[in-house]
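One structure is given here, and the rest of the page talks about it.
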Protein chains: 2
Amino acid sequence: MNIGDAAELSGLPAKTIRYYEDIGLVRPERGGNGYRDFSKRDAHKLAFLGRARSLGFSIEECRTLLSLYEDRSRASADVKEIAEQHRDRITRKIAELEAMRSTLQTLISDCHGDDRPDCPILDDLSGAETVIE
Amino acid sequence: MNIGDAAELSGLPAKTIRYYEDIGLVRPERGGNGYRDFSKRDAHKLAFLGRARSLGFSIEECRTLLSLYEDRSRASADVKEIAEQHRDRITRKIAELEAMRSTLQTLISDCHGDDRPDCPILDDLSGAETVIE
DNA sequence: TGGAGGGTTCCAGACGCGGGAAGGTTCTTG
DNA sequence: CAAGAACCTTCCCGCGTCTGGAACCCTCCA
């Protein structure tokens with residue numbers, strides 16, 4: 001099938017699929033006209049990649065997951081470890097974002113938000129000591 | 001002061017400071033030797049930028065915040081709106097990451113993680129229907 | 001026959017820097 | 001006063017993951 005069909009089947013944009021070929025994640029055949037010719041297996045791999053990416057795995061993790069997927073003698077422990085590391089990274093990222101949000105929320109709550117210039121948000125960013133209320 | 005001192009005062013790497021000059025966030029003077037010459041005001045702006053960045057504001061938001069900071073006739077409402085939009089973006093990002101983490105955790109829990117190849121994580125990524133337990 | 005709607009390659013850009021090369025300047029040490 | 005360490009400069013490349021666009025080729029249908 002052509003790249004358009006592979007895109008529709010896998011849910012990935014054609015541009016992304018070409019990129020994935022560039023970096024060696026898929027290796028479709030080529031027809032006599034130079035067009036890529038994707039097998040069902042290729043389309044399936046692309047869909048696999050799409051799902052893994054949507055769970056936030058990096059391209060390199062996807063590459064590893066894909067090779068494990070195609071390795072009949074894999075150990076599920078290897079897959080699990082990748083997933084756990086990724087989960088832990090997500091957990092840390094969430095904590096970081098929540099710290100930001102918390103600080104932001106405090107500043108936002110302190111800002112009256114009218115047409116006067118006084119602004120605790122800017123005060124904080126400018127390094128002013130916390131104002132005594 | 002030289003860039004090294006500005007870096008130490010602001011907590012930003014010299015590389016970052018040069019980049020900020022490139023994109024017009026700061027405009028230090030130049031000495032006769034071609035070295036940048038930062039005023040205290042410049043260093044203060046850099047520290048402002050560092051704090052805003054650490055709260056996750058984009059460079060363009062930082063640019064706006066900085067111009068509001070330097071605008072004596074600003075309305076605090078303008079600052080607050082930027083902060084609120086940013087907070088909302090963070091909130092959405094957290095929700096997205098939590099959805100990923102939740103899915104990952106389910107898959108991880110279902111994976112026995114030994115040296116056998118059966119793996120619900122790969123099954124899920126490959127698009128297999130949920131297995132009846 | 002002509003045009004719409006595929007496909008191809010290649011280059012640039014996005015974000016926010018970091019690394020490193022090649023070279024000039026200034027400070028410190030002996 | 002000379003040597004060398006420790007600064008500073010500019011420039012270009014690379015990171016990750018695509019996305020947009022230009023210029024061009026191929027196929028199908030009316």
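Bear in mind that the values here come from a model prediction, so they are computed numbers and not experimental data.
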Name the first nucleotide and the last nucleotide along DNA chain C (5' to 3') that come under 4.0 Å of a heavy atom in chain B.
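It runs C:dG16 to C:dT26.
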
Given side chains that start at C-beta, do those of [X] and [Y] come closer than 4.5 Å, heavy atoms only?
| X | Y | answer |
| --- | --- | --- |
| A:F48 | B:L122 | yes |
| A:R87 | A:T91 | yes |
| A:I17 | A:R36 | no |
| A:I3 | A:Y35 | no |

Rounded to whole angstroms, how far apart are CD1 on A:I59 and P on D:dT19?
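It works out to 11 Å between those atoms.
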
Any Lys/Arg nitrogen of A:E70 or A:R41 sitting under 4.0 Å from an Asp/Glu carboxylate oxygen of the other?
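Answer for the salt bridge query: yes.
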
Output yes when B:E98 and A:K93 qualify as a salt bridge under the 4.0 Å nitrogen-oxygen rule, no when they do not.
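Looking at A:K93 together with B:E98, the answer is no, because their closest N to O distance does not fall below 4.0 Å.
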
Qualifying residue, where the test is side chain to side chain contact (heavy atoms under 4.5 Å, CB included) with A:F57 and the options are A:H86, A:R63, A:R51:
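For A:F57, the side chain to side chain contact (heavy atoms under 4.5 Å, CB included) check succeeds only for A:H86.
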
Step through the shown structure and confirm whether more than 12 heavy atoms of other residues, nucleotides or ligands are within 6.0 Å of CZ on B:R89.
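Atom CZ in B:R89 is packed in, count exceeds 12.
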
So does A:E96 have more than 12 non-hydrogen atoms from other groups sitting under 6.0 Å from CD?
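More than 12 heavy atoms, drawn from other residues, nucleotides or ligands, come within 6.0 Å of this atom.
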
For DNA chain C, which residues of residues 16-35 of chain A approach it to below 4.0 angstrom with any heavy atom?
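Of all residues in residues 16-35 of chain A, the ones placing a heavy atom under 4.0 Å from DNA chain C are A:R18, A:R30, A:G34, A:Y35.
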
Using a 4.0 Å cut-off on heavy atoms, which residues in residues 91-99 of chain A reach DNA chain C? List them by number, or say none.
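Contacting residues: none.
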
Determine: side-chain N/O of B:R36 to OP1/OP2 of D:dC7, distance under 4.0 Å, yes or no.
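Checking B:R36 against D:dC7: no side-chain N or O falls below 4.0 Å of OP1 or OP2.
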
Verify, without hydrogens or angle tests, whether A:D71 (side chain) and A:L68 (backbone) share a donor-acceptor contact under 3.5 angstrom.
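Not a single qualifying donor-acceptor pair exists.
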
